[in-house]
Structure formats: C-alpha cells, structure tokens
Amino acid sequence: MNDVNSFISYKVDDPGTFVVGHRGASGHAPENTLASFSLAIKMGADAVEFDVHQTADNRVVVIHDEALDRTTDGKGMVISTSLQEIKQLDAGRWFGEMFSGERVPTLEEALSHVCSRAIALVEVKHSSDFYPEMEENIVKAVSGNRDWLHRSIFISFNPSLILRLKELNREIITGLLTLDPPEEYLEIAKEFGASALFPRWEKMKPDSVKLVHEGGYTVHPWVMDREEDIARVLEMKPDSLSSNFPDRLMTAAGRKQ
Ligand code: G3P
Ligand code: CA
C-alpha cells in the first residue's frame, strides 16, 4: 500500500488509511536514523517521515533540530558544522546503547534507504532564507534518481518553499503542513502547487476530512501516539495516520502483520 499517487490522490472508492512512521519508528529507536526507518518499515509503515537541515558546506542532512545537541553527542548548530564533522557524531547512543554507532544520514542516504520499500515524507525545515540554496540542493539531490523523485513527498509549513521546489522541478511532489484546520488551506495549496494537506491532528474538525476531499485534496494528520487519540482520528477517516509508534497504527487500522 505504498504507491505515492494513491497516497496523495483522493479516490472515493479507495478509502484506505496509510500508515506513516514519524521520524521513523522514533518511539522505539533514535529518531531520524536509518535504524529508525528500517524498524518503521518492518512494522509495516507505508511511509517514513523525516526532517532535513543543511550543513556548513551546504549538504542536506536528516535531523530534526537546528542544533546537534539533543540527538547526537555533538554540540552546536548544523549550519555551522561540516558534513565530515557531523559524520563523526553518534546519533543513536543517546536513545540506547544498542543504537550506538548510528550516524546522521544525508538526504541521499535516507532516500536510498527508504524509497525502495516505502514512501519518503521529507520535511524541509527552512528555506534558502536560512540555508543557502536549500531548495536547489534538494532538487539536485532528488532529480537525478527517478525512483526517489517518484517515491518522495517534500512537506513544509512554508508555501513559498513548496512553490520554489515546484519551479525548479515540476515533477517534485509536495505537501503543505498546517497548524490550523486543513480546509482553510485549500486555496493556498492550489496556488503554491502542494499536492496534499498535512494538518496537526488536534486542529482537525469533525468535517475537515469531508471538506478537504470535496476540495480535491487528501488529508494527512500528524502525530498521534496515544491509543485513544489514534482511535479518534481514525474515525475521521483521513488518508493517512502518523505516529512515533507505527506499530500502534497498524493495530488500530486492523493491519497488524
Ligand atoms: O509531519 C509533521 C511533523 O513532523 C511536524 O512536527 O516538530 O515533529 O517536525 P515536528
Ligand atoms: Ca517533522
């Protein structure tokens, strides 16, 4: 169930709910590492979400924060550190000794790891306003590989960033993240070239899914970890569910392997 077109297109007769592993299976493994992505896929996730920032030497790397401190044994900002320096850091031991040796992946390493088995949902945290030529560097990384291009969705809160990606390569698939009810963003999504809406689940209204579908878009709420929250969102029949515990989503969706 991990075809990217089915993920982003609404079909009345195909109401299946996709499962997204948020930062991989980050409730069980160190977030945004290859180990976390493998575990999410093993649990049955159709898509793996991860976050990207850019190094001092303009390499796109997979990490959630602007700073290295929380999820590696390094210190300082990603933007002030070279890829070679970042590659020396341990990105797993903070979570558990068994994960020591995990590294911060590059965007290319993450796409290569994920795309043959699942959809990659790549959250771009900042535009070229913060990281020099960020959009160009992403498009360069993904455009040379047809599999990656057609198996990844670039998501952002920033509509201008999405538009820029589309201008650089119209085949790139994008999604708009929202902190408000998704139906309020249909016009913006259309105007800026986003293919799907990704709202914070707590902001969903009972008729949000219906309204977004009527607008011709799919809706992908994030991030539910508690069983009661998963059940509540599942009842709204969104197009996907996202969790740090994709195994809980598989159980709730009746797809436990
Ligand atoms: O998928 C969207 C979600 O990941 C945004 O929040 O802070 O976990 O990146 P955050
Ligand atoms: Ca994210």
Side-chain angles (χ1 to χ4, degrees), residues 2 4 7-8 17-34 36-37 39-41 45-54 60-72 77-78 91 94-95 104-107 110-111 113-114 118-127 130-131 134 138 152-159 161-162 165 173-182 185 188-189 194-204 208-209 212 217-226 229-230 233 236 238-246 248-249:
N2 55 24
V4 77
F7 189 93
I8 55 165
T17 303
F18 286 81
V19 164
V20 179
H22 186 250
R23 308 183 197 172
S26 60
H28 300 283
E31 65 181 59
N32 285 335
T33 60
L34 300 186
S36 186
F37 304 159
L39 187 56
I41 293 165
D46 307 294
V48 170
E49 188 264 5
F50 57 85
D51 309 278
V52 293
H53 288 270
Q54 190 168 277
V60 182
V61 288
V62 178
I63 186 166
H64 180 271
D65 299 354
E66 284 168 15
L68 297 159
D69 305 45
R70 184 178 63 84
T71 57
T72 75
M77 301 287 278
V78 176
W94 68 275
F95 192 89
V104 173
T106 61
L107 172 61
L111 293 174
H113 195 77
V114 170
I119 297 162
L121 276 183
V122 187
E123 182 180 353
V124 186
K125 287 292 190 187
H126 293 299
S127 70
F130 191 79
Y131 291 127
M134 182 60 161
I138 285 172
S152 48
I153 304 171
F154 289 84
I155 59 176
S156 175
F157 286 104
N158 181 346
L161 187 158
I162 288 171
L165 291 175
I173 306 163
T174 59
L176 184 63
L177 289 160
T178 80
L179 291 171
D180 294 307
Y185 287 82
I188 294 180
S195 295
L197 289 166
F198 293 76
R200 188 184 166 102
W201 80 265
E202 291 93 332
K203 296 300 169 117
M204 298 265 288
S208 287
V209 173
V212 172
Y217 275 74
T218 51
V219 56
H220 305 273
W222 45 272
V223 167
M224 299 74 72
D225 283 347
R226 297 191 318 168
D229 297 336
I230 293 168
V233 179
M236 297 179 191
D239 300 282
S240 71
L241 298 167
S242 176
S243 178
N244 299 307
F245 297 89
R248 294 181 189 168
L249 299 180

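FYI, the numbering just counts along the sequence from 1. Remember, it's 1-based here, ligands and their atoms both numbered in the order they're listed.
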- [ ] Please examine the side chains of Val122 and Leu111, heavy atoms only from C-beta on, and report whether any two atoms are closer than 4.5 Å.
- [x] yes
- [ ] Of all the heavy-atom pairs spanning Met204 and Pro221, show the shortest one and how long it is.
- [x] CE-CG, 4.2 Å
TODO: For residues His220 and Phe7, establish whether the separation of their ring centroids is below 6.0 Å.
DONE: yes
TODO: Check each of Ile188, Thr218, Leu176 against Leu197 using the side-chain contact (heavy atoms from CB on, under 4.5 Å) test, and report the only one that passes.
DONE: Leu176
Task: Approximate separation, where rounding is to 0.5 Å, of Asp180 CG and Tyr185 OH - done: 4.0 Å
- [ ] Verify the distance criterion only: is there a donor paired with an acceptor across the side chains of Asn32 and His64 at less than 3.5 Å?
- [x] no
Task: Listed protein N/O/S atoms, distance to the Ca ion (ligand 2) under 3.0 Å - done: Glu49 OE2, Asp51 OD1, Glu123 OE1
Task: Between His126 and Glu66: side-chain donor-acceptor atoms closer than 3.5 Å - done: yes
TODO: Might you list the protein residues in contact with ligand 1, defined as having a heavy atom under 4.0 Å from one of its atoms, sorted by chain and number?
DONE: His22, Arg23, Glu49, Asp51, His64, Glu123, Lys125, Leu177, Trp222
Task: Minimum side-chain heavy-atom gap Trp222-Leu177 below 4.5 Å - done: yes
Task: Cationic N near anionic O, under 4.0 Å, Glu123 to Arg23 - done: no
